[in-house]
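Bear in mind that the values here come from a model prediction, so they are computed numbers and not experimental data. Below, each value reflects all heavy atoms present in this structure, side chains not excepted, and no hydrogens, waters or symmetry copies.
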Amino acid sequence: VKKNGDIFYAHVYSQITQYGNNKARLDFAVDVNSKLKADQKNRELNTLIKEQKEQLDSILSSINDAIWSRRADTYELIYGNSAYYRLYGFTPGETEPDKNLDMESIHPNDREYFYKAINEVKTKGKTELVYSYMNKDGIMKTLKANATYIKGKKGRKTP
């Protein structure tokens, strides 16, 4: 407790020692108040982020339009809502072994067009494209996509 009555947290260390011919105790206190309060605030913020992520996931899962995000450099899937997985006919677990599973499902005649559109979105910031792909069940489908380039972690852009 401070002189003014405020309570603060401290780590107190105490050691019995010998000082000359007398027994003595060496006490040492370290103020950890700021660190503990920062740790508590971080826990509260992490809980809030987790709750908001769950809310956002719930909202995105209820949308019938397919929404997904990929890394711009590797095309690795970062996020796909449930409509995205229905569109391609696979589950999230099925995409783990092969990060390019849906990229390879693009009809061979549309792949060059698709990759040109990817380059366009990288230079212009967004694009719209229509391409054919084959879902997991072998059914050919046509997809109209709006792609937008947004900044990701460390200022890198991700489509």
Item checked: Beyond-backbone contact of Tyr113 with Leu129, side-chain heavy atoms, under 4.5 angstrom ->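 Yes - at least one pair of side-chain heavy atoms lies under 4.5 Å apart.
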Checklist line | Val130 and Leu143, any side-chain heavy atoms less than 4.5 Å apart | finding: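 Counting from C-beta outward, Leu143 and Val130 never come under 4.5 Å.
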What pair of heavy atoms forms the shortest contact from [X] to [Y], and how long is it?
X	Y	result
Ser82	Ser61	OG-O, 3.0 Å
Arg70	Ile78	C-CD1, 3.7 Å
Ala83	Ile63	CB-O, 3.6 Å
Ser132	Thr142	OG-OG1, 3.6 Å
Leu60	Asn81	O-ND2, 2.9 Å
Tyr84	Gly80	CD2-CA, 3.8 Å

Atom [atom1] in [X], atom [atom2] in [Y]: separation rounded to 0.5 Å?
X	Y	atom1	atom2	answer
Thr17	Arg25	OG1	CZ	11.0 Å
Tyr85	Lys136	OH	NZ	13.0 Å
Asp65	Asn146	CG	CG	9.5 Å
Ile7	Lys2	CD1	NZ	11.5 Å
Asn33	Asp6	CG	CG	9.0 Å

Got more than 12 heavy atoms from elsewhere within 6.0 Å of [atom1], [X]?
X	atom1	value
Leu45	CG	yes
Leu48	CG	yes
Asn4	CG	yes
Asn119	CG	yes
Tyr9	OH	no
Gln15	CD	no

Check: Taking 4.0 angstrom as the limit, do Lys116 and Glu120 come out as a salt bridge?
Finding: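 Judged by the 4.0 Å cut-off on N to carboxylate O distance, Lys116 and Glu120 do not form a salt bridge.
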Next item on the list: Salt-bridge test for Arg43 and Asp39: reply yes if a basic N is under 4.0 Å from a carboxylate O, no otherwise.
Entry: no
N/O donor-acceptor pair under 3.5 Å between [X] side chain and [Y] backbone:
X	Y	result
Asp110	Ile106	no
Ser58	Glu54	no
Asp137	Ile139	no

Checklist line | Pair Asp27, Ser14: side-chain N/O donor-acceptor within cut-off below 3.5 Å | finding: yes
Margin query: Do Tyr13 and Val32 sit in one hydrophobic cluster, given that two such residues count as connected whenever their side-chain heavy atoms are within less than 4.5 Å of each other, even indirectly?
Written below: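 Yes, it is one cluster - the side chains of Tyr13 and Val32 are joined through contacts under 4.5 Å.
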Notebook entry, point to check: Do we get Lys126 above Tyr149's six-membered ring, with its NZ or CZ under 6.0 Å from the centre and within 45° of the axis?
Noted result: no
Checklist line | Evaluation steps, side chain to side chain contact (heavy atoms under 4.5 Å, CB included), between Tyr79 and Asp57 | finding: CA-CA 10 Å; Tyr79 174 81; Asp57 285 346; 3.8 Å; yes
Next item on the list: Name the orientation class of the two ring planes belonging to Tyr131 and Phe114 (parallel below 30°, tilted from 30 to 60°, perpendicular beyond 60°).
Entry: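 Aromatic pair Tyr131/Phe114 classed perpendicular.
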Next item on the list: Could you point out which residue of Met140, Lys141, Met134 forms a side chain to side chain contact (heavy atoms under 4.5 Å, CB included) with His107?
Entry: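 Going through the options one by one, the only one that passes is Met140.
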